[in-house]
Amino acid sequence: MALKIGLLGLGTVGTGTAQILLDPNGRHPLLQGLSLHRVGVRSLSKSRQVELPESLLTTDLEEIVTDPQVDIVVELIGGLEPARSLILKAIAHGKHVVTANKAVISRYADEIFTAANEKGVYVMLEAAVGGGIPVIQPLKQSLGANRIHRIMGIVNGTTNYILTRMQQEGADFAEVLAQAQQLGYAEADPTADVDGLDAADKIAILASLAFGGRIKLSEVYCEGIRNINASDISYADRLGFVIKLLAIASRDPQATPENDLLSIRVHPTLVPKAHPLASINDVYNAILIEGEPIGQVMFFGRGAGAGPTASAVVSDILNIAAVLHSPVSGELHPLMSCSHQHYCNLAPMENLMTRFYSRFVTQDEPGVIGKLGTCFGSHDVSIESIVQIDTHGELAEIVVVTHDVREGNFRQALDEIKSFNVVNRIPSILRVL
Ligand SMILES: NC(=O)C1=CN([C@@H]2O[C@H](COP(=O)(O)OP(=O)(O)OC[C@H]3O[C@@H](n4cnc5c(N)ncnc54)[C@H](OP(=O)(O)O)[C@@H]3O)[C@@H](O)[C@H]2O)C=CC1
Ligand SMILES: N[C@@H](CC=O)C(=O)O
Ligand code: NA
């Protein structure tokens with residue numbers, strides 16, 4: 001008997017998903033056994049890019065998640081509410097859930113997965129991270145034998161698109177953002193993209209899977225790309241770097257169970273041009289995973305947009321369909337369900353060891369570079385290079401790149417430098433990979 005899908009949302013991703021479900025030929029045969037039963041939207045009068053019988057559409061989403069005929073609820077409305085409540089209600093009514101909603105999962109995984117486990121249903125979220133790139137299921141299944149040390153990725157298509165266009169064309173931030181929205185990459189409110197919050201949601205989800213515990217989103221350090229300007233892109237280029245918004249989660253391989261702190265952060269980063277992540281451009285995402293014994297493995301593809309994201313949504317539906325077609329054991333499949341119970345502890349940012357790039361606007365006079373160098377040295381901040389890059393009248397622009405230093409020490413040095421009379425301002429402080 002056909003499995004009935006209740007689809008919540010017919011926007012960018014909902015439309016892509018409906019298009020695949022309505023056109024199963026040449027895809028996996030299990031797709032023939034799925035039927036689109038109801039579709040929930042906000043407006044019945046909007047024109048749609050997919051042809052559906054009018055009777056399928058409703059604005060009553062509660063009716064879909066409580067419909068006894070629906071087997072799988074696919075949540076693609078986005079946002080926190082009513083998405084969270086609808087997911088919980090669907091679970092309470094015994095529906096399996098597929099969602100692309102990283103905002104809900106990164107905040108409410110605890111209650112959602114606890115409810116799902118109690119009810120014996122699956123909650124699948126491949127589309128929530130990296131859009132069409134398979135990364136959630138690989139972390140749950142194919143990489144299960146590994147001890148993961150680090151996940152590092154470009155997980156937001158909108159900001160990567162913006163940074164790429166700024167880098168390649170010297171384009172203006174606002175103009176490129178508007179184009180990303182038109183192309184369906186950006187969230188309805190692009191603040192989440194631009195300020196790094198979307199990437200923070202995604203790295204929290206990946207870290208949870210990789211390190212086997214829940215992550216408190218409020219503890220994830222998050223810095224967006226609003227302050228990146230053409231000067232930094234150009235100086236970085238001259239120094240051999242490109243600027244990327246990286247999401248990084250790492251665990252010290254030497255950590256003992258008593259001292260097992262994770263570092264999870266999102267921030268613009270200077271990436272050496274030869275690094276594999278440096279060449280990931282436009283809306284593409286890439287996630288580099290390092291583990292023992294696998295070493296490095298990198299996942300690459302389109303992280304946003306209708307088709308790629310719908311590809312991940314439908315693959316989750318197929319996974320559920322496959323399990324539902326298998327002989328019933330009464331237990332949830334252990335490689336598809338969630339078994340995390342505890343919260344991971346995160347290390348404070350001041351303990352992070354990283355390189356920094358910083359740009360200083362100072363008086364153009366003898367001894368300034370020496371003063372900066374001496375101050376950094378007195379805080380145990382070792383400098384890799386310090387160069388005066390430009391002069392504007394009486395002002396000089398000086399760029400400092402450090403070796404790996406403790407972030408807390410670097411910040412203390414900066415506090416002291418800010419008080420120097422010769423220092424006019426410090427427009428940029430960026431971490432370097
Ligand atoms: N766009 C992308 O590339 C990607 C998106 N995602 C995630 O997928 C999800 C969907 O995103 P996207 O398709 O871009 O979003 P859109 O804004 O394009 O679509 C949202 C859809 O949900 C409907 N909707 C929203 N709120 C309600 C409500 N309260 N009641 C009824 N219907 C509602 C809208 O109805 P109507 O059409 O009538 O307005 C619309 O059809 C989000 O969680 C997003 O983070 C994940 C990866 C990539
Ligand atoms: N807005 C997101 C869409 C996918 O999650 C992005 O730009 O990556
Ligand atoms: Na994915």
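Numbers for residues simply follow the sequence, beginning at 1. Just follow the structure's listing: the first ligand is 1, and inside any ligand the first atom is 1.
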Which atoms of ligand 1 sit under 4.0 Å from any heavy atom of Leu10?
21 (C), 40 (C), 41 (O)
For ligand 1, does Ala127 get within less than 4.0 Å through its side chain, its backbone, both, or neither, judged by non-hydrogen atoms?
backbone
In terms of side-chain geometry, is the basic nitrogen of Arg359 or Asp232 positioned less than 4.0 Å from the acidic oxygen of its partner?
yes
Atoms of ligand 1 close to Ser43 [distance to a heavy atom under 4.0 angstrom, numbered from 1]
38 (O)
Check whether any N, O or S atom of Val135, backbone or side chain, sits closer than 3.0 Å to the Na ion (ligand 3).
no
Out of curiosity, is Gly303 lining ligand 2, as in a heavy atom under 4.0 Å away?
yes
Would you say Gly305 has any N or O atom under 3.5 Å from an N or O of ligand 1, going by distance alone?
yes
Side-chain donor-acceptor pair under 3.5 Å between Glu81 and Ser85, yes or no?
yes
Is it true that Lys273 and Asp237 make a salt bridge, defined as a side-chain N closer than 4.0 Å to a carboxylate O?
yes
Looking at Glu62 and Lys89, is any side-chain nitrogen of the basic one under 4.0 Å from a carboxylate oxygen of the acidic one?
yes
Could you tell me whether some N/O pair between Gly14 and ligand 1 is separated by less than 3.5 angstrom?
no
The atoms of ligand 1 lying under 4.0 Å from a heavy atom of Pro82, numbered in the order shown, are 29 (N)
Counting only non-hydrogen atoms of the protein, does one fall under 4.0 Å from atom 17 (O) of ligand 1?
no
Atom 7 (O) of ligand 2 [closest protein heavy-atom partner, distance rounded to 0.1 Å]:
Thr158 OG1, 2.5 Å
What protein heavy atom is closest to atom 2 (C) of ligand 2, reported as residue, atom name and distance in Å?
Glu187 OE2, 3.2 Å
Considering both backbone and side-chain atoms of Gly11, is one of its nitrogen or oxygen atoms within less than 3.5 Å of a nitrogen or oxygen in ligand 1?
yes
A student checking ligand 2 against Asn156 at a 4.0 Å heavy-atom cut-off should list atoms 2 (C), 6 (C), 7 (O), 8 (O)
Give the atom numbers and elements of ligand 2 that come within less than 4.0 Å of a heavy atom of Asp193.
1 (N), 2 (C), 6 (C), 7 (O)
Is it the side chain, the backbone, both or neither of Arg48 that has a heavy atom closer than 4.0 Å to ligand 1?
side chain
Which protein heavy atom lies closest to atom 5 (O) of ligand 2, and at what distance to 0.1 Å?
Lys102 NZ, 2.5 Å
Would you find more than 12 non-hydrogen atoms of other residues, nucleotides or ligands less than 6.0 Å from Glu51 atom CD?
no
Show me which atoms of ligand 2 lie under 4.0 Å from any heavy atom of Lys202.
2 (C), 4 (C), 5 (O), 6 (C), 8 (O)
Assess Lys102 for proximity to ligand 1: is some non-hydrogen atom of it under 4.0 Å away?
yes
For Gly157, take its heavy atoms, then give the atoms of ligand 2 lying under 4.0 Å from any of them.
6 (C), 7 (O), 8 (O)
Using 4.0 Å as the upper bound for N to carboxylate O, is an ion pair formed by Asp201 and Arg107?
yes
